[in-house]
Amino acid sequence: MPSIEGKIRYAVVGAGWISQGAFMPGVGQTSNSIMTAVVTGDQEKAKGLGNSYGLDAYGYDEYDKMLKSGTVDAVYVATPNFRHREFAEPALKAGIHVLLEKPMEVSMEDAEAIEAAAKASGAKLMVAYRLHCEPGTVAMVEAVRKGLIGKPRFFTSTFSQTVKPSNHRAQHGYWAGPVPDMGAYPINAVRNLFEAEPTEVMAIGTRTERGLDCDDTVSVILRFTEGRTASFTLSYSAESIDRFHLVGSEGIIEAMPAFGFGEGTAISYRFTKDGETSEHKAPVVDQFGGETEYFSDCILNDRDPEPNGEEGLCDMIVLAAIERALQTGEPQKLEPRSRQRRISKDEKRELPLAKVPDFVNTDVPME
């Protein structure tokens, strides 16, 4: 049952930067969500966040106790990827709804187990594709559906940042590296812009002297039906860039930034047709507050969220194929697959951006 105010009560599982600097402030922007608990392996974080937000604080070893507390309707899981199943599956089995950071896990087996737990229990599972609720992204998807660029032909994207070798994402192999961490964004974008699933995956990776335990830079090509292709390059060892181009038979959409969030970041786009270019502006919004409000609406109104477990699995299939392509040096064929649900206008939320609390250290890597 929700709180006496009719709001969905969340526990935050994992107290890294993405929780402290984005999700937790964002909850305060919603009209239908509150936080009641925090779960972390760091006692100092647990105490500090508990005091700052008035939350019950639990260690990871007390997770089952928290699930049985009766004070939580949903959990937001933002632990490292390899610990997603550890916390999502028990919550779903307990009938508690789960908002799960992407990618779903570090293997298809674990991702499928999470999806199976949701189906068996009836608890709702939403993968945290915040851009599905972001107005600029929704506008681009709608523009393509309306035929603004004719038939989509090809998609290209570049997405990079410089990650310190000490960051856990740089020290735990492929499934903590740039492809699952950043690649989910262009993969998810093109799947929804094309409204199709890829049929073949090719990839090459390179490593610099920086000492990362994964390929620093990875370039991927996806083949789709109807002669469509997508290519993107990801890097943990390059200047930050965040953009994509979608080129159709009659026009071009360019987004830069395409995947980011935070102060001053609006996912706006340029549209070019017949040599004429127009700018389409979107507001800066709290993307984490927006996705949380949407998920809470789904819970309160008993609707299945659009970016559900199936959406997460579609991206996992591609991520796993990229790993195989890197290991073998060979293209990877994918079984034909279709998905009926895609980003829709009713997901769009325009909540004002929350301020990052002063106590959040932006230099601290994600937990």
Side-chain angles (χ1 to χ4, degrees), residues 1-16 18-20 23-24 26-28 30 32-102 104-106 109-128 288 291-305 308-309 312 366-367:
M1 296 293 291
S3 70
I4 57 175
E5 298 90 1
K7 297 182 179 183
I8 297 301
R9 302 169 297 172
Y10 284 83
V12 178
V13 185
I18 204 70
S19 291
Q20 293 191 46
F23 179 80
M24 298 178 82
V27 172
T30 72
N32 58 8
S33 314
I34 59 172
M35 294 179 292
T36 54
V38 60
V39 184
T40 174
D42 186 319
Q43 291 185 351
E44 185 176 340
K45 286 182 183 178
K47 181 179 179 181
L49 291 169
N51 290 338
S52 296
Y53 287 99
L55 309 177
D56 296 329
Y58 298 86
Y60 285 145
D61 59 349
E62 300 175 297
Y63 190 60
D64 187 60
K65 177 182 177 182
M66 188 279 295
L67 293 178
K68 295 176 180 177
S69 67
T71 62
V72 170
D73 307 302
V75 297
Y76 169 67
V77 178
T79 59
N81 301 339
F82 71 91
R83 302 194 72 175
H84 283 183
R85 179 180 179 181
E86 178 184 349
F87 297 103
E89 188 176 29
L92 292 164
K93 287 183 175 180
I96 292 175
H97 311 289
V98 174
L99 178 57
L100 178 64
E101 270 302 340
K102 56 201 173 297
M104 289 179 73
E105 247 288 353
V106 300
E109 177 184 1
D110 288 327
E112 288 168 348
I114 294 170
E115 168 74 335
K119 287 183 175 179
S121 72
K124 299 189 189 305
L125 168 64
M126 176 171 152
V127 183
F288 288 80
E291 71 176 355
T292 305
E293 180 154 288
Y294 169 71
F295 187 46
S296 293
D297 280 343
C298 290
I299 296 169
L300 290 167
N301 294 289
D302 194 23
R303 293 195 301 263
D304 184 33
N308 56 15
M366 288 189 290
E367 181 172 301

Checklist entry - Would you say the side-chain atoms of S19 pair up with the backbone N or O of G14, donor to acceptor, closer than 3.5 Å? => result yes
Next on the checklist: Can you give me the closest heavy-atom contact between H84 and I114, atom names plus distance?
Outcome noted: C-CD1, 4.2 Å
Next on the checklist: Taking the side chain as everything from C-beta on, heavy atoms only, tell me whether L67 gets closer than 4.5 Å to Y58.
Outcome noted: no
Checklist entry - Which atom pair, heavy atoms only, marks the closest approach of P305 to C298? => result CA-SG, 3.8 Å
Checklist entry - How long is the span from the NZ atom in K47 to the OG1 atom in T40, to the nearest 0.5 Å? => result 14.5 Å
Checklist entry - Can you list the steps and then say if T79 with F87 is a side chain to side chain contact (heavy atoms under 4.5 Å, CB included)? => result CA-CA 9 Å; T79 59; F87 297 103; 3.9 Å; yes
Item to check | Criterion side chain to side chain contact (heavy atoms under 4.5 Å, CB included) on K124 and D302, from CA distance to verdict | outcome: CA-CA 9 Å; K124 299 189 189 305; D302 194 23; 3.0 Å; yes
Item to check | Test log, rule side chain to side chain contact (heavy atoms under 4.5 Å, CB included), inputs E86 and Y63 | outcome: CA-CA 10 Å; E86 178 184 349; Y63 190 60; over 6 Å; no
Next on the checklist: Test your reading of the model: is there a side-chain donor-acceptor pair from R9 to the backbone of G70, 3.5 Å cut-off?
Outcome noted: yes
Next on the checklist: If we ignore hydrogens and angles and just use 3.5 Å, is the side chain of N32 paired with the main-chain N or O of E293 as donor and acceptor?
Outcome noted: yes
Item to check | Closest non-hydrogen atom pair between R85 and E105, with its separation | outcome: N-OE2, 2.8 Å
Next on the checklist: I want to check something: taking the side chain as every heavy atom from C-beta on, are N81 and E101 in contact at a cut-off of under 4.5 Å?
Outcome noted: no
Checklist entry - What residues, two or more places apart in sequence or in another chain, satisfy side chain to side chain donor-acceptor pair (under 3.5 Å) together with S69? => result T71
Next on the checklist: Let me confirm one number: the CG-OG1 distance from L55 to T36, rounded to the nearest 0.5 Å.
Outcome noted: 7.0 Å
Next on the checklist: Set out, in order, the CA-CA distance, both residues' side-chain angles and the distance that settles side chain to side chain contact (heavy atoms under 4.5 Å, CB included) for L49 and Q20, then state yes or no.
Outcome noted: CA-CA 8 Å; L49 291 169; Q20 293 191 46; 4.0 Å; yes
Checklist entry - Shortest non-hydrogen contact from V75 to A91? => result CG2-CB, 3.9 Å
Checklist entry - In terms of the angle between their ring planes, are H97 and F295 parallel, tilted or perpendicular, with boundaries placed at 30° and 60°? => result perpendicular
Checklist entry - Say you draw a straight line from CD of E115 to NZ of K119; how long is it, rounded to the nearest 0.5 Å? => result 4.5 Å
Checklist entry - Where is the tightest heavy-atom contact between G41 and Y60, given as atom of each residue plus distance? => result N-CE1, 3.2 Å
Checklist entry - Can you find a heavy atom in the side chain of V72 that is under 4.5 Å from one in the side chain of M66? => result yes
Item to check | Inter-residue atom distance Y76.OH - M35.CE, 0.5 Å rounding | outcome: 11.5 Å
Checklist entry - Taking atom CE of M126 and atom CG of L100, what is their separation to the nearest 0.5 Å? => result 10.5 Å
Next on the checklist: If you define the side chain from C-beta out and look only at heavy atoms, does anything of L125 sit under 4.5 Å from M104?
Outcome noted: yes
Next on the checklist: Any heavy-atom pair between the side chains of Y53 and V38 that's under 4.5 Å?
Outcome noted: no
Checklist entry - Nearest 0.5 Å, what's the OG-NZ distance between S52 and K45? => result 13.5 Å
Item to check | Test item: N301 side-chain N/O and D297 main-chain N/O as donor-acceptor pair under 3.5 Å | outcome: yes
Next on the checklist: If I compare all heavy atoms of G312 with all of V127, which pair ends up nearest, and what's the gap?
Outcome noted: CA-CG2, 4.0 Å
Item to check | Donor-acceptor side-chain pairing of T30 and T292 below 3.5 angstrom | outcome: no
Next on the checklist: For E5, is the CD atom crowded, meaning more than 12 foreign heavy atoms sit under 6.0 Å from it?
Outcome noted: yes
